[in-house]
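Some notes on the structure that comes next.
Numbered from 1 within each chain, the chains take letters A, B, ... in sequence-line order.
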Number of protein chains: 2
Amino acid sequence: MTDPSDSLRRQEILKRAARLFRRSGFERTTVRQIAAALEITSGSVFYYFESKEELLVAIMEDGIRDVHAAVAEGLAAKRGVAEKLLAMARCHLTALLGSNLDSLMVLLYEWRSLSPAAMKRVLASRNRYEDLWDRELAAAAARGWVDSDTVLVRQTVLGALNWAGQWYRAGSRFGIDALAHRMFAILMPRVHEQLDQGARSVPTGSSLPAALAQSGASPPIFGIQPTGAFSK
Amino acid sequence: MTDPSDSLRRQEILKRAARLFRRSGFERTTVRQIAAALEITSGSVFYYFESKEELLVAIMEDGIRDVHAAVAEGLAAKRGVAEKLLAMARCHLTALLGSNLDSLMVLLYEWRSLSPAAMKRVLASRNRYEDLWDRELAAAAARGWVDSDTVLVRQTVLGALNWAGQWYRAGSRFGIDALAHRMFAILMPRVHEQLDQGARSVPTGSSLPAALAQSGASPPIFGIQPTGAFSK
DNA sequence: GTCTATATGCGGATAGAC
DNA sequence: GTCTATCCGCATATAGAC
């Protein structure tokens, strides 16, 4: 097999695979299902990817590259530490909950299916991404705006943000930017106070309970979804 | 098959299955592996459980029952709203990170493998548990101690707590109680201020970075673990 | 490039001996 | 209760026609 890395078909396969992997998990999803969703046969999938695992690795590497790029860009566009941290939270959440939701959720929850070699590569990318956060959080801690245990702060903040992937659903009248701002105010109130007046006001949007009542769903503490993909 | 629900052997199987499900995922784990870990054969497992899925359901129901009981107990032992919320966070984290870590992680991350009927039962239990939180958070919101969007607060707080299951490892010199207190102070600072002096001081324990440096691990933003269970 | 057909192995579950 | 042996279906991956 050649490696037409940017073939259009290859991208279609990746996108569809990511959606199915998120819905049903890597193991439960079969190559036949991915192929059927694109109205091709499983043999064709193996023309583009040597193995099912290569699909998973490609999805994860795309995902982590996208979130890193988005956050680095948001970071570069701001000056102050507080503004930078807000931008990072907003960009992280946008990357996670936006058009890359499938890939990012696969990255977050399917890493056990990686081979050791692939795991090593993804870990290296992850560590580079964490460094972005640690640098800004250290600056905030030096000013007394967050707990001095910056690793704990990073885990707490990003844990809460990542968890949003479990319950946030697009189309709610509560937009991602408004959500990011509001979570930021909850998670780093002292940093939030440092923002200048204009930036501090929370973007408008109906309250979350109203938006969710509209959609009829109840956001979970545990990851269980009322309308998940079932086994059969 | 009879249903010796509280047979000792049955408990052993559940415990071992939970460990393997957490490490490798429900799908990757085979009944033969579970049996081999207990030095029995797969046929014996099917004497205690009708199917592999029944194993999963039992693990999850045990898990959610345990965390609910722990939090309800912590709640009942306290008077003030602030004290109740701190106790809830501590009990939730203790249930998650303590001896039930395997079961709770399976509950959090393997729900896609549930059949619709089983999902319905687990969802009902989950909703009852969420009610415990919503009641106390509403009381805190009424006093202006947390954002008025109590659903968002619940998702944020419990997301951060649940995420700790991804990175916290027992044996760190940073105990669970100290961790709970510190995360509580980060996540609900206004509530934390309401605690009386004695309760407000954070329990001692070396800082998290030190404890982690000791263990040589770096806590992840994404769930990927340096020392996870690999495919083979 | 996409297809059909198939090799190959594995996993859940069952039957029945002990 | 635990075992051995086995059925059955399915999934990854390959070979080779078109």
Side-chain angles (χ1 to χ4, degrees), chain A residues 1-21 23-59 106 110 112-115 117-118 229-232, chain B residues 1-21 23-59 106 110 112-115 117-118 229-232:
Chain A
M1 168 195 132
T2 56
D3 185 54
S5 324
D6 42 5
S7 135
L8 198 68
R9 190 57 133 198
R10 192 185 148 99
Q11 295 305 319
E12 288 174 347
I13 295 171
L14 280 177
K15 195 158 186 62
R16 199 53 79 116
R19 185 191 305 188
L20 289 167
F21 288 169
R23 193 174 293 263
S24 311
F26 176 76
E27 304 294 338
R28 294 187 90 77
T29 304
T30 70
V31 176
R32 284 176 171 84
Q33 284 171 2
I34 299 166
L38 294 166
E39 296 179 298
I40 59 179
T41 59
S42 67
S44 300
V45 173
F46 287 101
Y47 172 79
Y48 293 94
F49 298 90
E50 281 190 351
S51 66
K52 188 186 173 187
E53 198 206 357
E54 202 193 296
L55 270 172
L56 180 62
V57 173
I59 290 167
V106 169
E110 300 295 337
R112 283 173 310 191
S113 297
L114 286 176
S115 69
F230 298 129
S231 36
K232 316 217 161 191
Chain B
M1 168 197 130
T2 57
D3 185 55
S5 324
D6 43 3
S7 134
L8 198 68
R9 191 54 141 215
R10 191 184 149 100
Q11 296 304 319
E12 288 174 347
I13 294 171
L14 279 178
K15 194 158 186 62
R16 197 55 77 116
R19 185 191 304 188
L20 289 167
F21 289 168
R23 192 174 294 261
S24 310
F26 176 76
E27 304 295 338
R28 293 187 89 77
T29 304
T30 70
V31 176
R32 285 174 171 84
Q33 282 171 6
I34 299 167
L38 294 166
E39 296 180 297
I40 58 180
T41 60
S42 66
S44 300
V45 173
F46 287 101
Y47 171 79
Y48 293 94
F49 298 89
E50 280 190 352
S51 68
K52 188 186 174 189
E53 199 206 358
E54 202 193 296
L55 270 172
L56 180 62
V57 172
I59 290 167
V106 169
E110 300 294 337
R112 284 174 309 193
S113 298
L114 287 176
S115 68
F230 299 128
S231 38
K232 316 217 162 191

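- Here Glu12(A) pairs with Arg9(A) in a salt bridge; the nearest charged N to carboxylate O distance falls below 4.0 Å.
- Every side chain to side chain contact (heavy atoms under 4.5 Å, CB included) that Ser51(A) has, sequence neighbours left out, goes to Glu53(A), Glu54(A).
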### Protein-to-nucleotide contact annotation, 5' to 3' order, nucleotides 12-18 of chain C [B base; S sugar-phosphate only; - none; under 4.0 Å, heavy atom]
BBB----
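- Taking only side-chain nitrogens and oxygens, Ser44(B) comes nearer than 4.0 Å to OP1 or OP2 of dC3(D).
- By the side-chain hydrogen bond (donor to acceptor under 3.5 Å, both in side chains) test, Gln33(A) pairs with no residue at all, sequence neighbours left out.
- Here Lys52(A) pairs with Phe21(A), Phe26(A), Val31(A) under the side chain to side chain contact (heavy atoms under 4.5 Å, CB included) rule; sequence neighbours left out.
- Note: CZ (Arg10(B)) to C1' (dG1(D)) measures 15 Å, nearest angstrom.
- In this structure, Arg32(B) has no side-chain hydrogen bond (donor to acceptor under 3.5 Å, both in side chains) partners at least two apart in sequence or on a different chain.
- Here dG1(D) presents its C1' atom at 14 Å from CZ of Phe49(B), a figure rounded to the nearest Å.
- With sequence neighbours left out, the side chain to side chain contact (heavy atoms under 4.5 Å, CB included) criterion links Thr41(A) to Ser44(A).
- Separating the CD atom of Glu39(A) from the C1' atom of dG1(C) is a distance of 17 Å, rounded to the nearest angstrom.
- Close to dC3(D), at under 4.0 Å from its OP1 or OP2, lies no side-chain N or O of Tyr47(B).
- One can place CG of Leu38(B) at 16 Å from P of dG1(D), the figure rounded to the nearest angstrom.
- Here the P atom of nucleotide dC10(D) and the CD atom of Gln33(A) are 12 Å apart, to the nearest Å.
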